[in-house]
Amino acid sequence: MLDKEASRAPARRRRIAFAAVFTLFAGLPCAGQAAPASGAQWVTLGTSGGPAIQAERSQIANALVVNGAVYLFDVGDGTQRQMAKAGIPERQIRAIFISHHHPDHNASLGSLMMTHWTFHPGDLPVIGPAGTIHLVEGLADANAPSVLASYPTAGPAKPPLAGMLKARDLPEHLSQPTLVFEDANIKVWAIGVDHFQSPPSIILDHMPDCVAYRVEAGGRTFAFTGDSGPSSRLGVLAKGADVLVSEIVEPLAIAARIRASAPDTPAPVREAIIAGMTRNHLTPEEVGKLAESAGVGEVVLTHFVPSPEEAADRGAYTRPISARFKGKVIMAGDLDRF
């Protein structure tokens, strides 16, 4: 009898150890974690535009927390660490929405996928423009060695990684707000926006697509643009939103940054870079026009290029907006809540 009990002991210890590890890493409430507020709360996890990594700010990522459920809108590098800092449990993620496939907007998708597979049961929707399915399937395939190395030492075998991820490509060139997701907590609409305006230097089968999202949750409406140049469709999407969460670039600060980091850049090249940024992104003047015409309640600025900490004049990000839009304008910081 003692021998039989002794033989069972290692298996029991493995199960106990597995349970302890699961509890530690699966995002269960613990000391230092703030409980999500009731209703809807938009958290700017990261506020830096890329592709360069900034010391002051994490890359663009947002979490909408509603009734304890979490919905991510763009997942740039550092998303998981920012969630941990904010006390937002990964186990509560219900869906991930990608605006487009620049790495400062999707770099954390692979690690989020692996953590979901490792610790959290159930399917995870990943929604974005054309290429999202290809990206998710490719990340699942690339992580096959990690899946192999993560064989269970206790508990049941896990389903295939790809089978837990419900990737979906949105229709291309959405010209009107289109309902793309709905559950008990939120409704999400998407529309195509004008981000990819510079002609490509190589031959492409088709131009990439970029979308903006409108979310209704907890009695509030949020309009979010990850990246977009001036776009009439963006105004349609943002119409009457309580909160406009907008990217922003500041041309004068960009010019100063180029002069400081690459002083030998010829003036025509520097001017071409700045012109491209203003075609493909929103300047303060354009954000002001958008906020005024759409009649939004307030503006939250994020995805800063360059970082305001590098700018000689932080007010240059907001003054042109306030010259047209008379509502509140906020320069978001990492982990701010709205």
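Along the sequence shown, residues carry numbers from 1.
Ion pairing between E309 and R57 holds under the 4.0 Å rule for side-chain N and carboxylate O. Contact check on R279 versus D194 returns no salt bridge, with no Lys/Arg side-chain nitrogen under 4.0 Å from an Asp/Glu carboxylate oxygen. A salt bridge does not link D334 to K85: none of the charged nitrogens lies less than 4.0 Å from a carboxylate oxygen. Residues K187 and E216 are not paired through a salt bridge, judged by the lack of any N-O separation under 4.0 Å between the basic side chain and the carboxylate.
Within the 3.5 Å criterion, the main-chain N or O of P159 finds a donor-acceptor partner in the side chain of W117. Of the possible polar contacts, one joining the E247 side chain to the S228 backbone as a donor-acceptor pair under 3.5 Å is found. Side-chain atoms of R94 come within 3.5 Å of backbone N or O of Q92 as a donor-acceptor pair. Within the 3.5 Å criterion, the main-chain N or O of F73 finds no donor-acceptor partner in the side chain of H105. Listed for the Q80 side chain is no donor-acceptor partner under 3.5 Å among the backbone atoms of S108. Of the possible polar contacts, none joining the D242 side chain to the G297 backbone as a donor-acceptor pair under 3.5 Å is found. Counting only distance, with no hydrogens or angles, the side chain of K239 and the backbone of S293 share a donor-acceptor pair below 3.5 Å. Between the side chain of N143 and the backbone N or O of A140 there is no donor-acceptor pair closer than 3.5 Å. Panel note: side chain T178, backbone Q176; a donor-acceptor pair is recorded below 3.5 Å. The backbone N or O of T265 lies less than 3.5 Å from no partner atom in the side chain of R259, so there is not a single donor-acceptor pair.
How far CH2 of W42 is from CZ of F224: 5.5 Å, rounded to the nearest 0.5 Å. Distance check: I186 CD1 to N67 CG gives 11.0 Å after rounding to the nearest 0.5 Å. In this structure, L45 CG and N62 CG are separated by 6.5 Å, a value rounded to the nearest 0.5 Å. Atom-to-atom distance recorded for E286:CD and S246:OG is 10.5 Å, nearest 0.5 angstrom. Here CD1 of I248 is found 8.0 Å from OG1 of T318. Values are rounded to the nearest 0.5 Å. Here the CD1-CG distance, from I191 to L234, works out to 8.0 Å after rounding to the nearest 0.5 Å.
The two residues S322 and V329 have their closest heavy-atom pair at OG-CG2, 4.0 Å. Q59 and G50 get closest at one heavy-atom pair: NE2-CA, 4.3 Å.
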Working for side chain to side chain contact (heavy atoms under 4.5 Å, CB included), residues D227 and N280: CA-CA 8 Å; D227 279 356; N280 297 322; over 6 Å; no

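In the hydrophobic clustering of ILVMFWY residues, with side-chain heavy atoms under 4.5 Å counting as a link, I88 and V75 come out together. Hydrophobic clustering (side-chain heavy atoms under 4.5 Å, transitive across Ile, Leu, Val, Met, Phe, Trp, Tyr) keeps I254 apart from I60.
H101 and T132 share a side-chain donor-acceptor pair at under 3.5 Å.
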